[in-house]
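Working notes for the structure below.
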Amino acid sequence: QGRIHDHNPAADHPERPVGFGRLQRKEDPRFIRGQGNYLDDIVLPGMLHGAILRAPVAHARIVSIDTSEALARPGVRAVITGKDLEPLNLAWIPTLSYDVQSVLVTDKVRFQGQEVAFVIADDRYAARDALESIYVEYDILPPVIDARKALDADAPLVRDDLEGRTDNHIVDWECGDAGATDAAFAKADVVVKQEIVYPRVHPAPMETCGAIADFNAVTGDLTLYETSQAPHAHRTVIAMVAGLPEHKIHVISPDIGGGFGNKVGIYPGYVLAIVGSIVSGKPVKWMEDRSENLMSTSFARDYIMQGEIAATKDGRLLGLRADVLADHGAFNGTAQPTKYPAGFFNLFPGSYTWEGVYGKVTSVYTNKAPGGVAYACSFRVTEAAYFVERMIDRLAIELDMDPAELRLKNFIAPEQFPYDNKAGFEYDSGQYEKTMRHAMGLIGYDELRQEQADKRARGELMGIGISFFTEGVGAGPRKHMDILGLGMNDGAELRIHPTGKAVVRISVQSQGQAHETTFAQIVAEEIGIPPEDIEVVHGITDQTPFGLGTYGSRSTPVSGGAVALVTRKVRDKARLIAAAMLETRPEDLEWEKGRWFVKGDPTAGKTIQEIALAAHGTMELPEGVDGNLDAEVTYDPPNLTYPYGAYFCVTDIDKGTGKVTVRRFLAVDDCGTRINPMVIEGQVHGGLADGVGMALMEIIEFDEDGNCLGGSFMDYLIPTSMEVPDWETGFTVTESPHHPIGAKGIGESATVGSPAAIVNSVIDALRPLGVTAIDMPCTPARVWEAMQGNARPP
Ligand code: CDP
């Protein structure tokens, strides 16, 4: 159990800190002046432009492709098809889940929007116009769209390219103890079943995905600018696919306009830009448009979950079962550590003690875009948190018990940590009851219930929804976690220049999370150099240590740990030099932020800046110190960190239209030590907006022919400032006992925690009408249908 305190006084100090606290973001001056350097800002001499022809149908055999007219158009340099890629062994690439994905179709189309041909032209318009002149004859096949029908005996076979395959089944996975769960259910007074669907949604970052490839045929160097959340992992995969040595591949991930999991995978467009540059001898740029992004790059979720919960009649939780059908689309492109084909769904027992839990996930292929990425979450923890928090509320309805009281009754107690959640994960620390009560106080829970009673008496629909979630973030210990065989640990390198200015090089890549600020703050906290004197280098493989990248809130838990440890290594080295300078023994020195001084004589000391200059100077250096103050480490985290939160949502529903208004939302988060509370609040605000989107508006649906119905922002609705309330936030601090600075991740907590609070609130509002369940998104039409007694309209 880490240290527990109410708040972190240093971190919440309003003044400019040397270390943790509310430091203005170092990256903002360039962003707010429009001076960011995004992929679309990069223009290379002689750069050509690529455009992708995409399949208009979901399932069809290719009969012929005629590119001659397109090739003859002005400005067109080349048209590439799958047949051209086959001899290069580039028609298919590996996915992050040991499947393969087609780069350009060679045999048949497997989802609408799939890549069919690639045009390279002098400018973007010429490339796009030429797509109209490519003639493809399709032999249309019946598609399998509904995951529930994917395993039927007569279901069309999606992956006939895979040898010996006769059905659409991908993998079965289970966790927990079926026997103990059966025994728990046998004891129960109350058992409730509920189907819960987490629909297909899309990360939809503001900046879509793209790449510029620049291959130098003389030197054999490939420079690849791309929108990547994981530049080092991408470089290794490209080295494997293209057969180029890694030191000849220079991946540069510039400023990224949001990733949210969408920029973890390697898309055909990236590969095509590389092939295009090799073929044309010029830099080639490919940048997708909004519809391409929504229709063909990675979706998230798409879990159909059957839940069963067992309890005593006075509300003691006994057992929980989850049986999930996962729709992975046409290629298994889900992103998670190898041993976890259902991501971190292991977290489905949530924040409670159970006698038995058992979870099972079956994944299937369908004729839909591939993906299953962790959209702003640690793999499948979002689905898990949503599942358990909906089930708890469903039980509360059955028991006619207050949902806050039911949770309080069953929380894991602080002294039970480290806690084995019975599904394979060990939670590091938490003080759930305290956080819950703090949140109930902040929102005024009792008053809200009174207000609701008054409104119900007047026939008004007001809901109060709760979600108390536990995440597991920071993948991961390398012995348990890898992606494509690459262990999930990160490096950090710290260099202190003679003048005491510092450069820290990290493995992770910011997509807007303020790493340039907060990683400088970790160095500052540990060594006392002001953050403005510390440059954070990231996103450039040639200049940064190998590591697995930024997703699943892993930056702080993994790279943050690496940065703290590398700084401590420098501090230890500085101690040896300071001792030599002060003509004393290292063990006689004491550290205070920014300097070593002689114990008992604070006036005899050397600042880190003085020590840095001496390290590079002419003095005789002590044993074990060479002529600098630099260090590097690789950090292998011993466990995930387990942030958690208590979220409360108040909704009002218009009886005439079914429109849901989120009137209040309180998020009380515990992410351990808080590095920069301002950044944390920003992360939480963003994630809460994600939650409102998923709960109320966002869905990627398909018609029965496999036409994507969410291919533009006219159809795929994301929330604006009009749909979200003024967020209310609070926090508690429970340090992670194993993290070097006690920090847990926060980047995705709000996306993970908020949807259940909102949906629970909608159900709570509709309770007087007898509603006990509704699925996302709670659009006015769906809510109105529920009000008529039809919870899931056809
Ligand atoms: O991996 P990602 O950056 O998306 O997530 P994270 O590690 O949770 O960090 C998101 C941002 O919040 C970073 O700038 C962190 O340094 C900051 N943060 C913080 O200030 N305090 C924490 N305890 C956790 C994160």
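As the structure lists them, so they are numbered: ligands from 1, and atoms in each ligand from 1.
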I need the atoms of ligand 1 closer than 4.0 Å to a non-hydrogen atom of Gly745, numbered in the order shown. 8 (O)

Fit a plane to each ring of Phe411 and Tyr352, take the angle between them on a 0 to 90° scale, and name the class: parallel (under 30°), tilted (30 to 60°) or perpendicular (over 60°). parallel

Give the atom numbers and elements of ligand 1 that come within less than 4.0 Å of a heavy atom of Thr518. 13 (C), 14 (O), 15 (C), 16 (O)

Any idea which atoms of ligand 1 are less than 4.0 Å away from a heavy-atom of His515? 3 (O), 13 (C), 14 (O)

Considering non-hydrogen atoms of the protein only, which is the closest contact for atom 10 (C) of ligand 1, and what is the distance? Gln683 OE1, 3.5 Å

Got an N/O contact under 3.5 Å between Cys671 and ligand 1? yes

For atom 1 (O) of ligand 1, which of Gly259, Ser378, Gly552, Ser555 has the closest heavy atom? Ser555

Are any of the N/O atoms on Gly747, whether in the backbone or the side chain, positioned under 3.5 angstrom from an N/O atom of ligand 1? yes

Do Asn262 and Ser298 meet the criterion of a side-chain donor-acceptor pair at a distance under 3.5 Å? no

Is there a nitrogen or oxygen of Ile746 sitting under 3.5 Å from a nitrogen or oxygen of ligand 1? yes

Assess Arg380 against Phe345: is NZ or CZ under 6.0 Å from the centre of the six-membered ring, and within 45 degrees of the ring's axis? no

For atom 15 (C) of ligand 1, grab the closest protein heavy atom and report residue, atom and distance to one decimal in Å. Thr556 OG1, 3.3 Å

For atom 13 (C) of ligand 1, what's the nearest protein heavy-atom neighbour? Residue, atom name and distance, please. Gln513 O, 3.4 Å

Pro557-ligand 1 polar pair, N/O distance under 3.5 Å: no

Taking the basic N atoms (NZ, or NE/NH1/NH2) and the acidic carboxylate oxygens, is any pair closer than 4.0 Å for Lys569 and Glu632? no

Do the numbers put Arg674 on top of the ring of Phe20, so that NZ or CZ is under 6.0 Å from the six-membered ring centre and no more than 45° off the axis? no

For atom 20 (O) of ligand 1, what is the closest protein heavy atom, and at what distance to 0.1 Å? Asn676 N, 2.9 Å

Donor-acceptor contact below 3.5 Å, side chain His202 vs main chain Asn293: yes

Run the salt-bridge test on Glu226 and Arg235 with the 4.0 Å N-O cut-off and return the result as yes or no. no

Salt-bridge contact Asp636-Lys479 (side-chain N to carboxylate O under 4.0 Å): no

Ignoring angles and geometry beyond distance, decide whether Arg674 reaches within less than 3.5 Å of ligand 1 through its nitrogen or oxygen atoms. no

Closest protein heavy atom (residue, atom, distance) for atom 17 (C) of ligand 1: Val679 CG1, 4.0 Å

Counting non-hydrogen protein atoms only, what is the nearest one to atom 21 (N) of ligand 1? Give residue, atom name and distance. Ile675 N, 3.1 Å

Near Lys744, which atoms of ligand 1 are under 4.0 Å from a heavy atom of that residue? 22 (C), 23 (N), 24 (C)

Is atom CZ of Arg478 surrounded by more than 12 heavy atoms (other residues, nucleotides or ligands) closer than 6.0 Å? no

Taking the inter-plane angle between the rings of Phe665 and Tyr647 on a 0 to 90° scale, is it parallel (under 30°), tilted (30 to 60°) or perpendicular (over 60°)? perpendicular

For the pair Tyr642 and Phe425, name the ring-plane relationship: parallel under 30°, tilted 30 to 60°, perpendicular over 60°. perpendicular

Got the closest protein heavy atom to atom 5 (O) of ligand 1, with its distance? Ser553 CA, 3.5 Å

Glu735 bridged to Lys744 by N-O distance under 4.0 Å: no

For Arg554, the atoms of ligand 1 under 4.0 Å from one of its heavy atoms are 1 (O)

Distance filter under 4.0 Å to Thr673 heavy atoms, resulting ligand 1 atoms: 21 (N), 22 (C), 23 (N)

Is the closest N or O pair between Thr550 and ligand 1 shorter than 3.5 Å? no

Relative to the heavy atoms of Ile680, which atoms of ligand 1 are at a distance of less than 4.0 Å? 19 (C), 20 (O), 21 (N)

Which word best sums up how the rings of Tyr340 and Phe344 line up, parallel for under 30°, tilted for 30 to 60°, or perpendicular for over 60°? perpendicular

